[in-house]
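Quick notes on the structure that follows.
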Amino acid sequence: MATNLSTALVPYHHHHPDTTHRRTLHFTTPFRLPTNKKRLAIFSNSSKKAPPPPAVDGEQNSPSLADQLKPLSTTTLSDQPNETQLLSKPKSTWVNPTKSKPSVLSLQRHKRSSSYSFNPQMKDLRQFAMKLNDCDESDFPSIIESIPHPPTRENALLILNTLRPWQKSLLFFNWVKAQNVFPIETIFYNVTMRSLRFGRQFHHIETLAFEMIENGIELDNITYSTIITCGKRCNLFDKAVEWFERMYKTGLMPDEVTYSAVLDVYAKLGKVEEVMRLYERGRASGWKPDSIAFAVLLKMFGEKADYDGIRYVLQEMKSIGIEPNLVVYNTLLEAMGKSGKPGLARSLFEEMVGSGIIPNEKTLTALIKIYGRARWARDALELWERMRVNSWPVDFILYNTLLSMCADLGLVDEAEKLFEGMKGSEKRKPDSWSYTAMLNIYGSGGHVEKAMFLFEEMLAKGVGLNVMGCTCLIQCLGRAKRINDLVRFFETAVKGGVTPDDRLCGCLLSVVSYCEGDDAMKVLSCLEQANPKLVAFVNLLCGGESVDFEGLKEEFKRVLSNTDVEARRPFCNCLIDICRNRGFDERAHELLYLGTIYGLYPGLHTKTKEEWRLNVRSLSVGAAHTAFEEWMGTLAKIVQRQESLPALFSANTGAGTHKFAQGLGSAFASHVEKIAAPFRETEGKSGFFVATREDLVSWVESRAPSVMT
DNA sequence: ATAGGGTTAG
């Protein structure tokens, strides 16, 4: 059965769908970026560019965004994309370069009404509103009767604007309506909705909106954008879209606030194509997106780890002449982090600082996180030092991110110093995140005593243990083979309210893989509480019960499809280790095969004309061993069939900078030495092993002469 | 704060 893997393994890269995430932009004109290093400094030259010509016509003559989008009002977003529209670069409507583009779309923001400042009653009304803010809801009806001045339109608006809790806003709004002294205009609904949005009361907002429709009160862009963003904040994205479509149908055109709010709704729904369709429609109609719209797009492509998308947005910004501001840079750095581009993030940060923008907490949090994940210790420490020297802003999240970075980089001393400093400070006492980061450091460094001490301290200080901290400690106790302590700790944690997740299960499973006998049974009984189906599968693998490959496949599929995506490969790695450590090598090969066909090991084997490479960086020792055996078995067959082979073979275990990959390189080295395979670690490239075709072929032939004849 | 849009933690 396991021989099937050889056919799956070798041509694997043909199946690897590594281009699927790239499709997001295929409907736009391919964009070009400079290919040299200047690309990083994409914004740095634009400051020398001439500023856009002044709008000589004056702004009041410019068509509003709504007017510009009019031609679109005949179609709604649910329409199928118009191919010709999508395939053409959104050309500016303003083709004559001598004529300036209209500087439309400056918002008509409502200024604070000047009547307020001349209102001598203002102070009284403010105080009254404060009293309403603070009062018990049941006292509201009696207090409202003591209103110091008559509820005229202006007075009512002033109070409504000062009320904070949504309950009070709603009570007051209803009271004003009942007084019936002036007609209720749109602004009253809008102000009330703002308060309701603050309290995430989508249902109440919707009720008010229907009331407006029923009473013939105009819903304007402010009303719609408030409804839409409230839906967004309440995670009622479908509702948000529904109200946007309703707005379209009434013929009211979105202005740029509504526009970016809706783009963000589609972005948060992951509907990249809808976002880009809407974006390009707007562009085609002369809309000039602003920083906020670009921040939305960058965030979306960042979430998708779509680097091409990010480049597209950068290109758009450059061509439109929008300089990134602090928020755009922050979003951009996050996006670069998510798409695995630490170098670009670093360049962008330098560009930002060079342009005179002072980084804030979010900027630094993003960058520290990126350097930690990339294991860039030098850059991380340098940045930390610059933070101190320049007195850049720091907050609690940044402190905790620094601790996590120390955990990623194994910087025990630095972390301890920072942690002690936090304990000594008044404002930033360590919380469960901080303790978790420390548990992570001690756990991955094997400092059991320190980790247990920290756990006791958490209990004493009443800092809640979370599931990640629990996972770190279990990993630590497991490695130290303190199984009785592990079981006791697990029981305590579960009783204390920790709900095991898939990572924790994966951690328990890995302890099972290197334990024997009673110890393994004890850990399995913990796992049984958290994930009985997983334990049933382990029993199926190793128990006396015979199961054929098809049965195994079905169960494997059932277990894995109920597992978080990021925990699937660790599960499979551990299961393979469990089989190998118990002598069920055949089962291990079957599991590797299953893992391969379900896409858990993308890029495991890559082939070029010159070189075939086995990439086991994300595999456990047992899984890597199994993959290597499989690879060699395949080679033996190819040699036997006298098919052509490349000149070079390589196996990449990685240098062990990642916590879970540590020891894989040395395990591989001793394995190839033991079986006398001709793989040698490359000088200066630790974790990278190569063999020539000649050496490998003669080794294969010497090893399995029976197969050759 | 003075009616509406964007960014921070395994």
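If you're wondering where the values come from, they're calculated on a predicted model, not measured in any experiment. Just so it is clear: chains get the letters A, B, ... in the order the sequence lines come, proteins before strands, and each one is counted from 1.
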Would you classify A:N400 as touching base, sugar-phosphate or nothing, given that sugar-phosphate means primed atoms plus P, OP1 and OP2, and contacts are heavy atoms under 4.0 Å? base

Classify A:T258 by what it touches in the nucleic acid, base, sugar-phosphate, or nothing, heavy-atom distance under 4.0 Å. base

Strand contacts (DNA chain B) in residues 335-342 of chain A, 4.0 angstrom heavy-atom criterion: none

ring-ring contact (aromatic ring centres under 6.0 Å, His included) filter on A:F237, not counting sequence neighbours, yields none

Only pairs at least two apart or in different chains count here, so list each salt bridge (charged side-chain N to carboxylate O under 4.0 Å, His left out) that has a residue in residues 259-272 of chain A. A:K232-A:D264, A:D264-A:K268

Please determine if a side-chain N or O atom of A:K268 lies less than 4.0 Å away from the OP1 or OP2 oxygen of B:dT7. yes

Is the phosphate of B:dG10, meaning OP1 or OP2, less than 4.0 Å from a side-chain N or O of A:R373? yes

I'd like to check the ring-ring contact (aromatic ring centres under 6.0 Å, His included) partners of A:F172; sequence neighbours left out, ordered by chain and number. A:W175

Please determine whether a side-chain nitrogen or oxygen atom of A:K299 lies at a distance below 4.0 Å from atom OP1 or OP2 of B:dG5. no

Can you tell me which nucleotide in B:dG6, B:dG5, B:dG10 comes closest to the side chain of A:S291? B:dG6

Looking at every strand, decide which applies to A:T226 at a 4.0 Å heavy-atom threshold: base, sugar-phosphate, or nothing. sugar-phosphate

Under 4.0 Å between a side-chain N or O of A:R233 and OP1 or OP2 of B:dG5? yes

Taking the same atom, P, in B:dG5 and in B:dA1, what whole-Å distance lies between them? 15 Å

Mind checking whether A:F188 and A:F182 have ring centres under 6.0 Å apart? yes

Counterpart residues, side-chain contact (heavy atoms from CB on, under 4.5 Å), relative to A:E414 (two or more places apart): A:L381, A:W384, A:C406, A:L411

Would you measure the distance from the C1' atom in B:dG10 across to the matching atom in B:dG6 and give it in whole Å? 25 Å

Test of understanding: with ring-ring contact (aromatic ring centres under 6.0 Å, His included), list the residues that count as partners of A:Y435, not counting sequence neighbours. A:F419

Pair A:W287-A:Y259, ring-ring contact (aromatic ring centres under 6.0 Å, His included): steps then yes or no: CA-CA 10 Å; A:W287 169 50; A:Y259 219 66; 4.2 Å; yes

I'd like to check the ring-ring contact (aromatic ring centres under 6.0 Å, His included) partners of A:Y399; sequence neighbours left out, ordered by chain and number. none

Interface with DNA chain B, restricted to residues 359-368 of chain A and to heavy atoms under 4.0 Å: A:K362, A:T365

Return the set of residues passing salt bridge (charged side-chain N to carboxylate O under 4.0 Å, His left out) with A:K450 (not counting sequence neighbours), or none when no residue passes. A:E416

Between B:dG10, B:dG5, B:dG6, spot the one nearest the side chain of A:T229, thanks. B:dG5

Over all strands shown, is A:R197 touching base, sugar-phosphate only, or nothing at heavy-atom distances under 4.0 angstrom? sugar-phosphate

